[in-house]
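Everything below concerns the one structure shown next.
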Protein chains: 4
Amino acid sequence: MTPKGEQGPALRADAARNRARVLQVAREQLAAGDDSLQLNTIARLAGVGVGTVYRHFPSRHALWEALSAERFRELVDEAQVAADDEDALAGLHRLLRFTLTHALEDTGFAAVLESASDTDARTSALKAELDRAVAHLLDRARRVRAIRRDIEAGDLRRLLCGIEHAVRSGGSGPTRTDIYLDVLIEGLRPPR
Amino acid sequence: MTPKGEQGPALRADAARNRARVLQVAREQLAAGDDSLQLNTIARLAGVGVGTVYRHFPSRHALWEALSAERFRELVDEAQVAADDEDALAGLHRLLRFTLTHALEDTGFAAVLESASDTDARTSALKAELDRAVAHLLDRARRVRAIRRDIEAGDLRRLLCGIEHAVRSGGSGPTRTDIYLDVLIEGLRPPR
Amino acid sequence: MTPKGEQGPALRADAARNRARVLQVAREQLAAGDDSLQLNTIARLAGVGVGTVYRHFPSRHALWEALSAERFRELVDEAQVAADDEDALAGLHRLLRFTLTHALEDTGFAAVLESASDTDARTSALKAELDRAVAHLLDRARRVRAIRRDIEAGDLRRLLCGIEHAVRSGGSGPTRTDIYLDVLIEGLRPPR
Amino acid sequence: MTPKGEQGPALRADAARNRARVLQVAREQLAAGDDSLQLNTIARLAGVGVGTVYRHFPSRHALWEALSAERFRELVDEAQVAADDEDALAGLHRLLRFTLTHALEDTGFAAVLESASDTDARTSALKAELDRAVAHLLDRARRVRAIRRDIEAGDLRRLLCGIEHAVRSGGSGPTRTDIYLDVLIEGLRPPR
DNA sequence: CATGAATGAGGGTTCATTCAT
DNA sequence: AATGAATGAACCCTCATTCAT
C-alpha cells in the first residue's frame, strides 16, 4: 500500500516533508559556511520542533551522514561508470576530479569521505561499494603498469581528501586545484 | 646571580615555572587527541589557577600560537640547514619528512602551518622565514630540473599538510606515512 | 477547556508557572535587599534550570523591567483614580504616598521610576501615561493655587525618588517616612 | 623628627607619594564616570603595585572614604562658619547650597555623606562634627520659628542627598538644581 | 614597604538533549 | 508524530584579595 521503499516502514507524507526540510536547511547552513550544524538552529530555520529533528537524526553525525548519502550515491555511480572505462587510468583520473570537485563544494561530504568510522551502516556500505569499484580500477591500471603497486582504494580516498584540504587552505582559485590534483596524479605513477 | 643576557623583562622564577607547566599540559592534551584546549581544564591539570593561565595566555589562540612557535623555530632552523645542502633535492626531501613528522606529532603546529591567516605577527614572520628558505631550495632544485615549475613554497606547505591529513585519517602505521610522503615527492618531479 | 480569551500565544501551563516563579523569587530577592538579580541564583531558588530563566528573560534588564511593569501598572491605575479626585491636591498627596510606599518596598521599581532612559518601550509608555495623569493633576492644583508653577510631572517623579533615597538611607521607621514626605509636600506649595 | 602629623606614625616620603598618587588616580576615574573603583586598575594607572594600594586602603570603602575626607573637611569648615552667621536661616541655606554643589560634583563624597555606616572612624568623627554644627544652626533657627521642629541634622543630610539624587537623575541643567533645592528649603519651614 | 603573580570563588551564557504536552 | 519548554552540564572570563619574592 505504502510506496515500497528500500528499508524500514515508509515515512508518513508529513514526516517525509519534515525530513526533507531539515536536510535542505542543513545543506544551506553548510553552504553558508556554518559547519556547526546546531540542531536547534536548524529546527528553527526549518520551521519544525527540535524534537522532530532528533526523531529523524538521533545525533549530529547521523544528520551529517544523511547529508552526504546523496552525494555518495552519485559518486558510487560515477565510480562504476569509470570502472567500465576502456582506459582504466583515464577513468581513474576522471573519477578523482569528479570527487575532488564535489568534496570542495560540500564540507560534510568531504568529512564523511575521509572519516575512518561511520555511524550509519548505510554509509559504510556505500563507502565499501565505492572502494570496490576503485579497487577494480586500480587493479586494471596496475596490470598495465600505470599505477604504483603500494596504493589501495582507501589510500586513494584519503590522499584525495588531503588534496582537498590543501586546496581549501589556500584561498586560491581553480588553477591551484588543477595543479594540486596533478601532483597527486603524477605521484601515483609507478616508480620509473 | 640571576641569569642575565636573556631577552625581555625576565619572568619571575615561579611565573616561568607556571608558564612552562601550562604549555607542557597543553601539549599533552593535544597529544592525547583533545584539541579543545579548555583553559580551565588545563589550569586544573597544571595545578595552577585559571587566572594564571589567562595571565600568560589571554586567549585560547595565544596559547595555540605559543605552542607552535617553538616547533616552528625548530622547523625554520632545519629549513635553513636544508637550504645549504649541496644537493637541493635531498635537502628538500629531508625537510619535508622532518616537517611531516612534527606535524603528525602536534596538531596545533599542523593547524598553524596550514592556516592562511595568523593572528600573531611573530607567527607570520616565522612562516615567511620558512617560505623564504623553501623558496630558495625550490629555486635551486628547479635549476637542475629536479622539481616542477608550478609549485611555490606556500603550495608545498599546504600539500604537505594535506598529506598529514591523509595519514592522520587512516589509523595506519609508519608504512602509510612513508608511502603517502613518497606520493607527494614523486608528484613534485617535473613532467617527463 | 484551556482558558480562552487571554492575550497572545498563551504560554503553556508549565511555562507560565515557571515564569511566575521566577518573577516571584526575583521579587523576594529584591525585598531581601539583594538587588544583584543573579540569574543563576534566581534559577536555583525558583527550582528551575538557568536556561529557563534565560528563555523567559534574555537579559537581567528584561527581568528588571518585567518586575516593575506590574507595579507600574498599579501605579498608573492609581494615578488615574487620583486624577479624577474632586480635590486635586488631596489626590496628588494620596498618589505621592502610594508611590513612595511602593518604591520603598521594591528597589527595582524605584530604579525604573527614577531612570532617565528605559530600554523597554513598554516601560516608557507606562511612564508617559503616568506623567500625563500627574500633569493633569498638577494643572488642576495649580489653577487653585495649591501648587508651585515651576514643577512638572517628571520633576515630581524625581523628587519623590529623592525622598525615597533619604528614607532608605536612614535606617529609621515610618515616622521618618511621614516627615520626609511632608517636607516634600510642603515644599511643593506655591511661594507665600 | 618626622613632621608632627595628626595621627599615627608619619608616612615615609615615598609612601606618602604613593598614597597621593592612588588618591589622584581614583579621583580621575570617578571624574571620568567610572565609579567601580577597581583597585587593580587604579594601581596600574598609578604606577604602583596592587599590594601598595591595599596597604594604604584595606578595602574599597576605605579608599572611598579617604577620597571624600578632604571634601568633608571643607564642608565642616563651612558649617562652622555658617554656625556663626548672625542670621541662622541664611547660614543654613548657604550651607545646603554649598553641600549640594559639592555632592553633585563628587559621587564618592555624596555616597559617604549619605551612608549610614562608616568604616573609618575619622569619617564618623567628621560626620559627627558636621552634624553638631548643623544641629546648632537648627536650634537657633527653630528658636526664631524659621524651621520645623521635627527635623534633625541627620535628616537634613539625608534629605539633601535625596535632592542630589533627584537632580542627578534628571539630565537637566542648573535651573532644576535651584528649583529642587528650593523645594527642600520651603519644605523645611514650620507649618503655617 | 613595594611588587605583581597567583589564586579561585563567583557570575555569566550557551546548547545538546530530554520529555511533558 | 510533532512540538518546544525545560534542563543543567559545560564553558567562559573577571577581579578582589593574598602572599612569595
Side-chain angles (χ1 to χ4, degrees), chain A residues 11-19 22 36-44 46-60, chain B residues 2 9 11-19 21-22 36-44 46-56 58-60, chain C residues 2 9 11-19 21-22 36-44 46-56 58-60, chain D residues 11-19 22 36-44 46-60:
Chain A
L11 290 174
R12 255 168 43 181
D14 54 346
R17 195 165 49 246
N18 282 340
R19 188 175 196 283
V22 168
S36 62
L37 279 201
Q38 299 184 26
L39 299 197
N40 279 286
T41 305
I42 289 175
R44 185 165 36 75
V48 306
V50 225
T52 306
V53 177
Y54 272 86
R55 168 168 300 275
H56 289 294
F57 309 100
S59 73
R60 176 120 31 104
Chain B
T2 48
L11 286 178
R12 239 166 58 178
D14 56 345
R17 194 167 48 247
N18 283 337
R19 188 175 198 279
R21 267 192 207 152
V22 168
S36 61
L37 280 199
Q38 301 179 28
L39 298 199
N40 281 289
T41 304
I42 288 174
R44 187 165 36 72
V48 304
V50 224
T52 305
V53 177
Y54 275 89
R55 167 176 293 271
H56 288 294
S59 73
R60 179 129 17 112
Chain C
T2 48
L11 287 176
R12 238 166 59 178
D14 55 347
R17 195 167 47 248
N18 283 338
R19 189 176 197 278
R21 266 191 207 154
V22 168
S36 61
L37 282 198
Q38 301 179 26
L39 298 197
N40 280 283
T41 306
I42 288 176
R44 187 167 33 76
V48 304
V50 226
T52 306
V53 176
Y54 274 87
R55 168 176 292 272
H56 287 293
S59 72
R60 176 126 20 107
Chain D
L11 291 174
R12 255 168 43 179
D14 56 344
R17 195 165 50 246
N18 282 340
R19 190 175 195 280
V22 168
S36 62
L37 280 199
Q38 300 184 25
L39 298 199
N40 280 286
T41 306
I42 289 174
R44 186 164 36 75
V48 304
V50 225
T52 306
V53 177
Y54 272 85
R55 167 168 301 275
H56 289 294
F57 309 101
S59 74
R60 176 121 31 107

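Letters A, B, ... are given to chains in the order of the sequence lines, protein chains preceding strands, and every chain is numbered from 1.
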Checklist entry - Which comes earlier along DNA chain E counting from the 5' end, the contact point of B:Val53 or that of D:Val48, where each point is its nearest nucleotide? => result D:Val48
Quick one: [X] [atom1] to [N] [atom2], roughly how many Å, whole number?
X       : N      : atom1 : atom2 : answer
C:Leu37 : E:dG11 : CG    : C1'   : 13 Å
B:Arg21 : E:dA5  : CZ    : P     : 17 Å
C:Arg55 : F:dA5  : CZ    : P     : 4 Å
A:Tyr54 : E:dT17 : OH    : C1'   : 5 Å
B:Gln38 : F:dC11 : CD    : P     : 4 Å
D:Arg44 : E:dA2  : CZ    : C1'   : 18 Å
B:Leu39 : F:dA10 : CG    : P     : 17 Å
B:Asp14 : F:dT18 : CG    : C1'   : 14 Å

Checklist entry - So what's F:dG8 paired with, Watson-Crick or G-U wobble, going by both distances under 3.5 Å? => result E:dC15
Checklist outcome for this item: Taking a pair to mean Watson-Crick or G-U wobble geometry with both distances below 3.5 Å, E:dT21 pairs with F:dA2
Item to check | Short side-chain N/O contact from C:Thr52 to OP1 or OP2 of F:dA5, under 4.0 Å | outcome: no
Item to check | Beyond-backbone contact of A:Val22 with A:His56, side-chain heavy atoms, under 4.5 angstrom | outcome: no
Minimum-distance nucleotide to [X] side chain [options: [options]]:
X       : options               : result
C:His56 : F:dA6, E:dG4, F:dG4   : F:dA6
A:Ala15 : F:dT17, F:dC13, F:dA1 : F:dA1
C:Asn18 : F:dT7, E:dA5, F:dA2   : F:dT7

Please report the interatomic distance [atom1]([X]) to [atom2]([Y]), rounded to the nearest 0.5 Å.
X       : Y       : atom1 : atom2 : value
A:Asn18 : A:Arg55 : CG    : CZ    : 11.0 Å
A:Ile42 : A:Phe57 : CD1   : CZ    : 9.0 Å
D:Thr52 : D:Leu39 : OG1   : CG    : 12.0 Å

Next on the checklist: Regarding B:Arg60, tell me which of base, sugar-phosphate or nothing describes its non-hydrogen contacts under 4.0 Å with the strands shown.
Outcome noted: sugar-phosphate
Item to check | Under-3.5 Å donor-acceptor pair between D:Asn40 side chain and F:dA16 base | outcome: yes
Item to check | Which residue lies more 5' along DNA chain F, comparing D:Pro58 with B:Thr41 via nearest heavy atoms | outcome: B:Thr41
Checklist entry - Do you know the tightest heavy-atom contact between B:Ala43 and B:Val53? => result CB-CG2, 3.6 Å
